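The figures that follow rest on heavy atoms only: side chains count, while hydrogens, waters and symmetry mates do not. Only a predicted model underlies this, so the values are computations on that prediction, with no experimental measurement involved. As the structure lists them, so they are numbered: ligands from 1, and atoms in each ligand from 1.
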Amino acid sequence: MTEEQNNRLVTLEEYIIQSQNRFPGATGELSQLLRDIGLAAKIISREVNKAGITNILGFDGTTNVHGESVKKLDIFADQQLISALERSKITCMVISEENDGIVELKSSGGKYIVYMDPLDGSSNIDVNVSIGSIFSIYQREPRFDPAIREEDALQPGIKQVAAGYVLYGSSTTLAYTTGLGVSLFTLDPSIGEFILSDPKVKIPSHGCIYSINEGSYNSWEPGLKKYIKYCQEEDEESGRPYSARYIGSMVADIHRTLIKGGIFIYPHSKKYPQGKLRLMYECNPLSFIIEQAGGMATDGKGRIMEIEPTSIHQHTPIFIGSPENVTHVMDFLVEYEEVAP
Ligand code: AHM
Ligand code: MG
């Protein structure tokens, strides 16, 4: 790289400071939080890249709160993120896929609540397929009682102050939003810095890719079956048949959807009556990102980010992606809605 090219690179640190300077009243606390997450992401990325050559790979013999097998890297990522958030003393509690209840931090007076899935798609670790970390940040509503309570964290997605993901793929990519569009960064391992790759990424308004685990086809609702058949039909004018792509790592599937457009669906089914994915640390943050890039995210009935949560680990179906594709699948769901006998 030439010296001139080097001088034009904007690091995550610089970008966060520049963005903060645009708001004269900003305290810098949220910026600090994003920097801490960025640092933890670099450490996780390093471990993910060498997973095959260290004994960190594989099951650690325990199960998480959902009864799933936990891999050592999940625990490593969980600990890295928690200790990064602990360092900056502005987060009062963390809710993580890997912990049953809330994790109260030493800085219990801190004003932020962080939800996270430290390593999403972890069943893909052993087969060298992309995985990711997801985070979602809320402010704690001010009140007199200083005790930390789980109810403080039960806020709808529209109240997120920031959210993002880190994708550990062929390169490590970080995407985040504070509600002013979505910025994308790529980790340059030679200098250990996230470099700005797109300050305002936009999702295509329509895409020719659908992404769903078709193994559960038989237990889908009629409208969804019809929509997927529609995607597979031949029609040159509308670019069909669409391509099917399903990685099985939500972060990777959403990242592709963000860049190339199309739709990602995880519906309810016989096996997962409420859907498999978690509202608070998978669907809300990724919906915030997709909406900020110009896309849409619904549970088949309404906007994901308007769901009033009743539990920190609750599940939801999700239809997310380019606005035209999401609107279209919703039309199918309504047209072929099953009427209770
Ligand atoms: P995880 O949090 O245990 O890794 O599970 C979530 C993952 C998502 O990344 C992905 O979209 C989904 O599970 C895939 O599920 P399935 O194998 O049922 O298609
Ligand atoms: Mg997950």
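At under 3.5 Å, a nitrogen or oxygen of Y246, whether backbone or side chain, sits near a nitrogen or oxygen of ligand 1.
Looking at M250, E98, E97 and measuring to atom 11 (O) of ligand 1, the nearest heavy atom belongs to M250. Comparing D120, N213, D74 by heavy-atom distance to atom 1 (P) of ligand 1, the nearest is D120. If you check each of S130, G121, S269, G215 against atom 4 (O) of ligand 1, the one with the closest non-hydrogen atom is G121.
Listed by chain and residue number, the protein N/O/S atoms under 2.8 Å of the Mg ion (ligand 2) are E97 OE1, D117 OD2, D120 OD1, E282 OE2, with waters left out.
Sorted by first and then second residue, the side-chain hydrogen bond (donor to acceptor under 3.5 Å, both in side chains) pairs with a member in residues 291-304 read E291-R303, R303-E306; sequence neighbours excluded.
Heavy atoms of F264 found under 4.0 angstrom from ligand 1 belong exclusively to the side chain. Contacts of D253 with ligand 1, taken as heavy-atom pairs under 4.0 Å, are absent altogether.
In this structure, the ring of Y272 has its center no less than 6.0 angstrom from the ring center of H268.
Open room surrounds NZ on K89; 12 or fewer heavy atoms of other groups in view lie less than 6.0 Å from it.
Ion pair K50/E47 flagged as a salt bridge, since at least one NZ, NE, NH1 or NH2 atom sits closer than 4.0 Å to an Asp/Glu carboxylate oxygen.
In the vicinity of R278, heavy-atom distances shorter than 4.0 Å reach the ligand 1 atoms 1 (P), 2 (O), 3 (O), 5 (O).
Look at S249 and you'll find a heavy atom under 4.0 Å from some atom of ligand 1. Within the 4.0 Å heavy-atom cutoff, K271 does not count among the residues contacting ligand 1.
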